Amino acid sequence: MLKIEQINLSYGEIQVLWDMSLQIPEGQIVALLGANSAGKSSTINAISGIEKISSGRITFQGKDISKMAPHEIVELGVIQVPEGRKLFNFMTIEENLLLGAYSKHARKDIKKNIRRVYDMFPILEERKDQLAGDMSGGQQQMCAIGRGLMSNPKLLIIDELSLGLAPILVQELLRTLTTIKDEGITIMLVEQNVKQSLAISNYAYVLENGRVAIQGDAAQLTEDPHLKKAYLGM
Amino acid sequence: MSKKHIFPILLAICAALYPVLSDDRYIMNILIMILLYATIASGWNILGGYGGQLSLGHALFFGLGAYTSTLLYLNFGLSPWVGMIIAVIVCIIAGMLIGIPTFKLRGPYFTLGTIAFAEVIRHVTLYWRDLTNGSMGLNIKYEPSFAAMIFKEYEYYYWLILGLLVLTTLLVHWIDRNKMGYYLKAIREDEDAAETLGINTSKYKMLAMMISTGITGLAGVFYAQFNLFFEPESVFHMNISTEIALIAIIGGAGTVYGPILGAFIIIPLNEILRASFPDIHGMNYFVYGILLIVIVILTPNGLLPIITKWWDKIFRKKVSKTKGVTKYDLESQ
Amino acid sequence: MMILQTLISGILLGGIYALISMGLNMILGVVRIINFAHGEFLMIAMYLSYIFYAWGGMDPYVSAIFIVIILFVLGLITQKGLIEPILDKPASTKIFATLGLSIVLQNLALMIFDANYLSVTTPYQSSVVNLLGIAISVPRLVSFGVVIAIVILLYLFLQKTMVGRAIRAVSMQRQAAYLVGVNVKRIYLLAFGIGTALVGLAGSMLMPIYSVYPTLGASFVLIAFVVVVLGGMGNMFGAFYGGLMIGVIESLAGVIFSPGLKEVIYFIIFILVLLIKPTGIFSKGKGSEAVGL
Amino acid sequence: MILKVNNVSKHFQGVKAVNGTSFHVEEKEIVGVIGPNGAGKTTLFNLISGSLPVTSGTIEFKGETITNQKAYILCKKGIGRTYQVVKPFGTISVLENVMVGAFNKHNSRDQAAKISKEILKQVGLYEKRDQIGNSLTLADKKRLEVAKALATQPALLLLDEVMAGLNPSEVKEILPLILQLRDEGITIVIIEHLMEVVMTICDRIVVVHHGEKIAEGTPKEIANHPEVIKAYLGDEVSYA
Amino acid sequence: MKKKWMLVVVICVAMVLAACGDETSAGEGSEEIKIGTVFPLTGSLALLGGESFRGVELAVKEVNANGGIDGKQVKLVNSDAVDADAAQSEATRLINKEGINLLVGSFSSGISYAASEVAERNGAQYWELGAVADNVTDRNYQSIIRVNPPASYFSVTHINFIKNVVAEQIGKELKDIKVAITHEDSAYGTTIAKEAEKLAKEEGIDIVTTQSYSSTSNDLSSVILNLKKAQPDLVIAVSYINDAILLSKQSEELGYKIPILVGSGGGHTLTDYQKSVGDLANGVFNIDFPQYEINTDFTPGLEEFMKLYEEQYGEKPQSGHSLSNYMGMKVMIQAIDDAGSVDVEKVREAAMNIKIEKGTTATGWGVEFDSESGQNTAGEAYLTQWIDGELLTVWPEEVSIHEPVFKK
């Protein structure tokens, strides 16, 4: 579905991605793992069109998206739920969700989608008129995912879902992701929380210094001694 | 004396000899204006260029200097030479008082704060007629004498302001080469990082403010003695503040000689444009505005760095500063 | 009675300030540019209004429709041609680019219209409604009504429409706006256009009250800055309250102290607000800080 | 004991970024502070270095209470730090960057320059001393961070993720430097994600999670601490 | 180090420029008489500055058409003195670069100060034809000659008008008349107001309030409310155009009818004022330089001037500024003619010897200079009134073409 081929990305003179390639097949959850500054966020920002790659190719459903503007990529159904939620803090939950449906292809389904989000996260419906900035971290993350779902995503990229959240909540949210996958939405999960993400993923890439260091089936990677070493140095 | 000091010294000497070579008062008048604005812009540069605090209210101190010494002269017959010292002190104190609140503001808020202070003083001056003579301005009677700092010959003004500029430049040069300059630049780039490197940022900003306002006030005294007439609009107006900042920025803020270059560009430009379109009212400023936009967009860091680069390219075969990066990157792969 | 009359005059004057400042605020909040040429757009609008009146015999209230459209387009051109290329440049570049624009426009007007004070004559320009002994000028009342209408429309637009929400989204959280598919550049364009269109409307409303001359903008732009800071930079409705406040302060200060001290007093209030609550009196606190100015 | 953090908390509008954390650092020790993203490590550094005021608790440095003192005063007293998000002074040269730090203890420019050059040699940036800060690569900017902090001649050095974003060979270059600094008598507290690094160079490790200290001990103890493994790799649950 | 090289270049360029300057200024001795003009032609003073300049231009055109001075054509060398700073620089240029020693100006007092300082210092002569601040001639500079009446003369007319006409009209004793003053706070407004206050005190007239405000003010409601509170019988207003318009419009808006409004030139004279406020202008008095609806028996040459003006510019004059500058310029030309040279001392001497009776010039002013200050003491300000959209001269009687009208 999404294919990244040999991309390079630099901020000014600092190169952060080096000939990176990866693939995300339709209907799966693919995890992108790695320590801080390994290049995870740069990768997905390249996909979303926020950062422009210097060479290589990104294709989505066969279409080259590497030169497209962010809003055009959103229009295609590639939706990013950014790290740190990045909600519109001074808007209500509902307004945040509505803005999720900003792109043209999503507007016709606003009613249907908002119902779906509220069913998925009933707490959001309860608090729909509260300011997003006043919500707890978990609720904010739900709102962010909900906002992503409002865009009628084909591919949902979720960055650091577990950041700053209690483990129980993370479990709950991850479980929701499998439900979303079952509805036919492909998910790219960018995470530090290795075990939990691998548990729900089909396939995983581990990045190190802007390159793919390890990749493989999720189940297989869980047992990989390299992984433990990469994270705990053991 | 090292070799690198020869050029500025040579230059200063050349400049000082100029009146001997020519007695054209018109050119001399323009040169005096250029040197005056170069001095003020150099003063602004310490705070705005080195310290990165973009003040658009410096006319306040220009006017304050002019008013202080002139009022002392007119009311108490105090010689402007003494008045000058008092004016500088007054300006420094005013700079401190204004610095205390405005330095809490950052970025555009600071700029707007300085504009507001200058406006307050301008309107107070207009209103407080008993002290300031309001909008009628102050007029010093033309009675040439050394004690009154009024000269018949323009040469003396020229040498006086040249001396002031040289002293200012020496001071800026000293700051540039010493702890203070480094600290101010650090504050300009990142205040938080500067603080963790042991810099008392408020203290250094305040110091920069005080030096800057002192120089501006001094220039104000000179202006009063040279023009012998000024009014609130001609010393306090925001246009003066913006012109001061503009000169420093166009020349190259945060460099020793940038403001001087800026003054040599902006002041003659104004004169030339004014003389070029005598029949179409407004054309000169119209062109000036367009040039201004073009210059600031094309050279956000001022002209001096660009000119220096050209100069290097033509006369020196020095390795460009960024070349090292690529080389190292290849190695590190 | 006197105080009441002062208050009413102040509020009506504040309405005018609000109308001018709302446009400035929109540009400030979304595009994050301090537009020193804002006053010159007001001047252009008033000259246009004069042209429509003098050459087409059109009442300023009627020509307002055209002027709003023309100013909107002028705003688009300015954003595209001048502002967009300098968005990433240092603060000094932004300040002097818009200052330069204001010089250019001012002198363009001087070249075209000379320094004459031009005004229109309308049958209602000196009409007064008397309400319980308080005199209320009709054109000022009309402009106040327009301000109220604009506030309501703007509120509806920003709160209830998708584009309006996108404008707010961009002012709050630029990156996330990209990620929900907002074309941020186009929103900038739109915001600048709306900002100048609002000041265009202000010009039309002012024409029956004031005369227009080339340096008119300068006398309004500093007040607009004061209003915007008071209301909270980027806080769309703060400008409305801020405008009313400055209007009332200006009137009261003139009556209580002296008309010559009006400016001093509102600039001092401006400085105090900057110091005590730099986000503006009417902001919700962190809101305008998030705007990033 | 050079640094003592007593029950320190920092709340941001109700969010408890640091919550009642206590630990101490002995002289000439290298202490690692680890924990997942958002655990409050950097906030902890900001509290110690004076960049942020604490909500409650006290901090002692060399036996003196330094809670809520200004950053520049603490720097004068001997606390140096680096930033995780590098903050080079972008438009001035690398040498000038470091000299700003060196002026902390020296007033003369020549001396500051001399010391700075030595430090630049030490961190391997000497060749690039004339480049401007912004033109450096990320790795070099990290080095520059260290060099700036070193130039202030600190007794205690707080290093915030100086190795994040470096490639393994670069990491290998910087490790001996840290050990050498310790040998020169500088106490070091280091926030690091690269466990390999932490495990090899640290004498002791403090683990924080959700703003609280969940473990403390030698690298070995920490590596086998169940809480730590849970915090890092997550719970051993399977959904698939 | 390289930076310093640049400076060398810049200085060198400046010196070359300077050298060129020397050459051009040397060129003199042509068959023309050059006179430098210092008027604000752009910026906020442009409106009346430009109007004043036209008067000078017309006088020169006229003398040139009649064969010039002693067969020499008069050539105006113009400059744009936007403000005092520009005036300083432009006057220096005219004197030193163009080699001119006779200057005229300027409409604005600030510009007048600056330009006359330069003239004094450079041994040139400066003729002021329009600026009214008394202080310009109070300095007793030998370099300055002013033809137009200064602000204090305006104030004299103000007070005389109250004393001789208003008191009788409203049936009050002089000491019972309540007078209020409003003025914009630039030099022009402040001087006239101050003088009027002083004279009123001498005459025992009660000044109930003095309101000053910035001429760039957008709102005068507080001024008007303060007037309303003070309940004066008569308001002396010293205003530029914008505030004159605001004063009339806003007092109407605020439901305050000013019983008798006497302007002091500036805004209240202008046709723009009348156009802007429409009927509100009717009945407004104004003290100023001579205007056009005047008893032409007393102002011979006025009609010719009007004709010339319309021929030249295709419109009617905005205000009397052009006329008084025209008259002043003619006095200057006469002085040069009498002197038979452009030598400043000779011209001054010639000027001091000119005696012209009142009622024989286009402005009706006479000419008699005070040899100390250089001020023409035979000038005077007249009272006009807007009646049915026309600015008619109503007082003093010798120039009036209409009786002053008082609304009851």
Side-chain angles (χ1 to χ4, degrees), chain B residues 2 49-52 173-207 252-255 258 300-302 304-305 308-309 312 316 318-333, chain D residues 45-46 49-51 70-83 86-93 96-109 112 124-125 127-137 139-140 145 148-149 151-154 158 166-167 169-170 173:
Chain B
S2 74
Y50 284 91
H173 190 270
W174 181 87
I175 290 174
D176 185 67
R177 295 303 143 100
N178 279 283
K179 182 166 164 175
M180 182 165 176
Y182 287 78
Y183 274 17
L184 287 177
K185 284 188 210 166
I187 290 168
R188 174 185 74 199
E189 300 290 329
D190 192 315
E191 232 169 280
D192 292 328
E195 188 104 359
T196 48
L197 289 183
I199 302 176
N200 184 347
T201 51
S202 342
K203 175 180 141 191
Y204 277 93
K205 279 198 284 186
M206 191 57 90
L207 258 175
T255 61
N301 296 320
L304 191 64
T308 323
K309 213 183 246 173
D312 278 359
R316 262 158 249 239
K318 212 173 140 188
V319 193
S320 117
K321 278 187 176 181
T322 44
K323 250 188 185 158
V325 179
T326 30
K327 191 171 152 244
Y328 184 81
D329 278 352
L330 287 174
E331 280 171 10
S332 70
Q333 276 177 50
Chain D
F45 266 26
N46 283 336
S49 70
S51 299
K70 289 232 156 85
Y72 70 89
I73 295 173
L74 296 180
C75 178
K76 288 254 181 288
K77 288 185 173 160
I79 300 181
R81 75 165 293 184
T82 69
Y83 284 93
V86 288
K87 295 187 173 191
F89 303 128
T91 65
I92 60 178
S93 77
E96 287 174 313
N97 262 274
V98 182
M99 281 170 71
V100 170
F103 279 119
N104 188 41
K105 290 277 161 71
H106 303 277
N107 280 322
S108 128
R109 186 169 74 104
L125 277 178
E127 299 299 319
K128 298 178 187 171
R129 63 187 180 280
D130 289 331
Q131 285 177 225
I132 60 165
N134 276 340
S135 74
L136 293 180
T137 62
D140 284 342
E145 279 290 310
K148 275 156 65 183
T152 66
Q153 304 193 330
L158 309 174
L166 306 194
N167 64 34
S169 66
E170 289 166 336
E173 276 170 40

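A quick note: this is a predicted structure, and the numbers were derived from the prediction, not measured. A note on names: the letters A, B, ... follow the listed sequences, proteins ahead of strands, and every chain is numbered from 1.
The structure places NZ of D:Lys70 at 15.0 Å from CD1 of B:Ile199, a figure rounded to the nearest 0.5 Å. Distance check: B:Tyr204 OH to D:Tyr72 OH gives 10.5 Å after rounding to the nearest 0.5 Å.
For the residue pair D:Lys76 and B:Gly198, the shortest heavy atom distance occurs at NZ-O, 3.2 Å. Residue B:Glu189 comes nearest to D:Gly90 through the heavy atom pair OE1-N, 3.1 Å, listed as atom of the first residue, atom of the second, then distance. Nearest approach of B:Lys179 to D:Phe103, heavy atoms of both residues: NZ-O, 3.4 Å. Counting all heavy atoms, side chain and backbone alike, B:Thr196 lies closest to D:Tyr83 at CG2-OH, 3.2 Å.
Results of the side-chain contact (heavy atoms from CB on, under 4.5 Å) test with B:Leu197 over D:Asn104, D:Val100, D:Val98 single out D:Val100 as the only residue that passes.
Within the 4.5 angstrom heavy-atom criterion, atoms from both the backbone and the side chain of D:Thr91 approach chain B. The contact between D:Ala149 and chain B is made entirely by backbone atoms, counting heavy-atom distances below 4.5 Å.
Note on D:Lys87, D:Arg81, D:Lys105, D:Glu145: by heavy-atom pairs under 4.5 Å with chain B, the leading option is D:Lys87.
With a 4.5 Å cut-off on side-chain heavy atoms, D:Ser51 and B:Asp192 do not count as touching.
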